[in-house]
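Just below is one structure, and these are the notes that go with it.
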Amino acid sequence: MRVSKLFGKTQREIPAEADNLSHQLLIKAGMIYQVAAGIYSYLPLAWRVFKKIENIIREEMDASGGQELNMPVLQPLELWQETGRDLAFGKGLFTLSDRRERKLALGPTHEEIITILASRNIKSYRDLPQLLYQIQTKFRDEPRPRGGLIRVREFSMKDLYSFDVDEERLDQSYKKMLQAYRNIYHRCGLIARMVEADSGAIGGKDSHEFIVITETGEDEVIYCESCGYSANVEKAQSIKSKSEDENPLPLEEVSTPGMATIEEVSEFLKVPKNKTLKAVFYVTDGELVFVVIRGDIEVNEVKLKNALRCYELRLATEAEVKEAGIVAGSASPIGIKGVKVIADESITLGANLVAGANKPDTHIKNVNYPRDFKFDLMADIAKAKAGEGCPKCGSKLASVGGIEVGHTFKLGTIFSEKLGAFFIDSSGASHPILMGCYGIGLDRLIAASIEQNHDDKGIIWPLPIAPYHIYLCPLYLENPEVKAAAENLYADLEAERLEVLFDDREESPGVKFNDGDLLGIPFRVTISPRTLKANSVEIKRRSEKESQLLLLDEAVTKLKELIKES
RNA sequence: CGGGGUGUAGCGCAGUUGGGUAGCGCGCAGCGUUUGGGACGCUGAGGUCGGAGGUUCAAGUCCUCUCACCCCGACCA
């Protein structure tokens, strides 16, 4: 490909709205163009990267026994109502009506469709196991698209679904996929960390995410250096500090004028935050919920949502709290009525705590559970923090940010039961098929790869996903010798079917070098009067500083070797 | 949806306070001189000032409504 003909221009300045690194570089390199919030066009260079990633994924899926198929984007909304996932996805589901006013959804994922498909085509244990996948466009009306390709509304996902006869076989399929995923990330030049995850709207039991650690990641991983435990913060557990055992003292009301937050109360009463109780109010599917948790711990809303088995969860407004007759700032589980109370397990860690009094400007000292209050449900709804104890080994937990580039779920039988995907075993008995699902976001993989492979000059593509392998960069093209040598070398490289981007523009060396670095092509081949004097070309890896001279005659063979080795 | 911000040439911005000729840099086109890490000179093209309505002799600037985009939070590949 000749740069002079390449569709898409590099930019010297980046649009103000791009503040994420991969987003900035993709735009600066002229690889993507934003059409609307979370909707992008891919220009030829980025599209080549996309297709390479797609092929790597396809190869790995096929190698582990997957069969590729294709399912529709347009899906009847009824199907979603049948599994209740129209509610689970809520507004995230793009919906529309056809000319007969039939409701349709744009598929955000395909468990429903694939399960129906399985129910028609899998009848016997002899038909199992199956690994079925597609690489296809998904639509999700994200509340807030962001970060360029990291979070978009229209994106490409490889989604594979496994079908097995029992848990044990499901585990085997699951393991197979985990290994395929590791291969994929490795081949894309990514270091991805596998962590325990919440299964969210997809549902199911075991779930893992693959997170690429980056500076600008939107996910948080809690992990343990010593035993290797790692989990998304949404799922992570931790051992919280416990205050010293004390004998319960009698309740005592204290005046706390104007003190509403835990900080204020703890400061005012000279009591550490972990010896206070905090009240937090949520509204879930229309109902007010009172959450009690130790003052120094934050509520993990994902865990809370799971504990309540609800679709919608949000913090209650002040008005809603007031309307329920609760005194914000001094709310207390003691003597509260008419509200569902959820307690975090942390309330058992410590004695003689400070809680609200359900009276303005008043708190109560020496509150002890179970002596002083009751609740409707106790669960682990605490957010884990770095510095707390590892749930597996007790060592100190740490935290890092990253981008989720893959998610796997053991679905079990939730979909097969709802949608009637059963098989007959060898004894003639009918069972629901055990399912798993496994997703990788391709667009995000591109973004993550840039986040992990770049320098201040631009992108450094790992060879397997680079749009081209060689940046052929002649200097002083108006010099006939340079011109002839460059054209010849270009023709020879093309003849060997090497992937060459030929910068045939009459630009200054600085412009060419900078563009080459920005585009991140792995090998740069420079030809100039200087190199020709030695009858040679200069070769430089994008990832390294040093360059080397190669004889012109040997250049093609040598480059071929270098690319093969990489 | 809650909070914050921005819309003026392809990109980055000034001009809005105090209404009166549409500006700068980069990029783009032509010519010339340069050029081993984003060169310089000259000439030129490019604008519904996000949109609609209003006030005014006159609106990029004032008023009303509206749309889009970005950032922080709830969502997730």
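Hydrogens, waters and symmetry mates are skipped; everything else that's a heavy atom, side chains included, is used. Residue numbers begin at 1 in each chain, while the letters A, B, ... track the order of the sequences.
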Just checking A/Phe409 against A/His407, ring centres under 6.0 Å apart?
yes
Looking only at the side chain of A/Met157 (C-beta and beyond, no hydrogens), which of the listed nucleotides B/C75, B/A77, B/G37 gets closest?
B/A77
Think A/Lys138 forms a cation-pi with A/Phe155, using NZ or CZ under 6.0 Å from the six-ring centre and within 45 degrees of its axis?
no
Tell me what A/Asp219 touches on the nucleic acid: a base, only sugar-phosphate, or nothing, going by heavy atoms under 4.0 Å.
base
Between the protein and nucleotides 5-11 of chain B, which nitrogen or oxygen pairs come in under 3.5 angstrom?
from  : atom 1 : to      : atom 2 : distance (Å)
B/C11 : O2'    : A/Glu13 : O      : 3.4
B/C11 : O2     : A/Glu13 : OE1    : 3.3

Let me confirm one number: the OG1-NE2 distance from A/Thr214 to A/His454, rounded to the nearest 0.5 Å.
10.0 Å
Output all residues satisfying side-chain contact (heavy atoms from CB on, under 4.5 Å) with A/Ala379, sequence neighbours left out; order by chain, then residue number.
A/Ala307, A/Ile381
According to the 5.5 Å centroid and 30° plane-angle thresholds, does A/Phe513 stack upon the nucleobase of B/G38?
no
Has A/Arg193 got its NZ or CZ under 6.0 Å from the middle of the six-membered ring of A/Tyr223, at an angle within 45 degrees of the ring axis?
yes
Between A/Tyr133 and A/Asp62, a side-chain donor and acceptor under 3.5 Å:
yes
Hey, what are the protein-to-nucleotides 40-51 of chain B N/O distances that come in under 3.5 Å?
none

Atom of A/Arg153, atom of A/Glu142 and distance for their closest heavy-atom approach:
CG-N, 4.0 Å
Within 45° of the ring axis of A/Phe94 and under 6.0 Å from its six-membered ring centre, is that where the NZ or CZ of A/Arg140 lies?
no
